[in-house]
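Take a look at the structure set out below.
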Amino acid sequence: MIKSVKNKIELLQNELLKIGIMGGTFDPIHYGHLVTAEAARAKFNLDQVIFVPAGNPPHKVDQMVTDKNHRYLMTLLATATNPYFEVSRIEIDREGYTYTIDTVKNFNVEFQGKAQFYFITGADALNQILTWKDAESLLKICEFVAATRPGYHHDDLFKDIEYLTVNYNSRIHFVEVPSLAISSTDIRERVKSNQPIKYLLPESVENYIYKNNLYTG
């Protein structure tokens, strides 16, 4: 159970909590993730945003991914100063491949059906969402927030939203985020080539990376 909202659940009668779910590999987490989560929280008046570091994502079986406990600890460090942010180990501790539909169903049980979930993801991911496990069920049990950057070509996004809304009765929103140009891939490459990563991610995460010699190989 996410401790800080447990008491809120107990106080609720008929009102639903609005909970954001920010999934990702977070290898490493950076300001693009944090600004996106905060923008979604503010725009949709979310009570909490839960960061869920991916445990063993099936779409990255052919990629090198940093140990999940390092990624979990970096996410904890990055979110520590925002009282609206929480970090869940739900996928870190799960055996086998980890799927979003299982995570959302698990949260629904933990929140005793008293929360409406908003899954926050990149706008490009919407184009692939029907390839996700039990996508139709996922589109029914949570709303989606597709994050874009200013200047993003919205036509394709709006077509995806219209198609998913008409055919799957989904509820999909979008939010523009200025700092989405930052990427984990670029940060890893910068560390590997001894380039600075300062101001791309929280200093606590930067220090953790150097202390544990991550991304140097």
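Just so you know, residue 1 is the first one in the sequence shown, and it goes up from there.
- For Arg190, the salt bridge (Lys or Arg N to Asp or Glu O under 4.0 Å) partners at least two apart in sequence or on another chain are Asp186.
- For the pair Glu91 (side chain) and Tyr97 (backbone), a donor-acceptor distance under 3.5 Å is absent.
- Residue pairs that meet the salt bridge (charged side-chain N to carboxylate O under 4.0 Å, His left out) test with at least one member in residues 158-173, sequence neighbours left out, are Glu143-Arg171.
- Side-chain atoms of Ser170 come within 3.5 Å of backbone atoms of Thr165 as a donor-acceptor pair (strictly under, hydrogens ignored).
- Residues passing the salt bridge (Lys or Arg N to Asp or Glu O under 4.0 Å) test with Arg41 are Glu38, sequence neighbours excluded.
- Using a 4.5 Å heavy-atom threshold, the side chains of Val49 and Tyr118 count as separate.
- For Phe26, the ring-ring contact (aromatic ring centres under 6.0 Å, His included) test picks out His33, Phe51, with sequence neighbours left out.
- No donor-acceptor distance shorter than 3.5 angstrom exists from the side chain of Asp47 to the backbone of Ile19, with no hydrogens or angles considered.
- Separation of atoms CD1 (Ile187) and CG (Leu200) is listed at 5.0 Å; rounding is to 0.5 Å.
- The backbone N or O of Phe85 lies less than 3.5 Å from no partner atom in the side chain of Thr79, so there is not a single donor-acceptor pair.
- A search for side chain to side chain donor-acceptor pair (under 3.5 Å) contacts involving Thr185 returns Arg188, not counting sequence neighbours.
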Which donor-acceptor pairs under 3.5 Å do side chains of residues 123-130 form with protein atoms, sequence neighbours excluded?
| residue | atom | partner | partner atom | Å |
| --- | --- | --- | --- | --- |
| Asp124 | OD1 | Tyr152 | OH | 2.9 |

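- Under the ring-ring contact (aromatic ring centres under 6.0 Å, His included) criterion, Tyr99 pairs with no residue at all, not counting sequence neighbours.
- Here side-chain hydrogen bond (donor to acceptor under 3.5 Å, both in side chains) pairs that include residues 193-202, with residues two or more places apart or in two chains, are Ser193-Gln195.
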Requested in this report: Assess whether side chain to side chain contact (heavy atoms under 4.5 Å, CB included) is satisfied between Leu46 and Tyr84, documenting all intermediate values.
Outcome: CA-CA 9 Å; Leu46 304 179; Tyr84 292 100; over 6 Å; no

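- In this view, Ala39 and Val175, Val177 satisfy the side-chain contact (heavy atoms from CB on, under 4.5 Å) rule, not counting sequence neighbours.
- In this structure Lys105 satisfies the salt bridge (Lys or Arg N to Asp or Glu O under 4.0 Å) test with no other residue, sequence neighbours excluded.
- For residues 66-77, the pairs satisfying side-chain hydrogen bond (donor to acceptor under 3.5 Å, both in side chains) are Asp27-Thr66, Asn69-Arg89, His70-Tyr208, with sequence neighbours left out.
- Residues passing the side chain to side chain donor-acceptor pair (under 3.5 Å) test with Asp102 are Lys133, sequence neighbours excluded.
- With hydrogens and angles ignored, the 3.5 Å screen pairs no side-chain donor or acceptor of Thr216 with any backbone N or O of Lys192.
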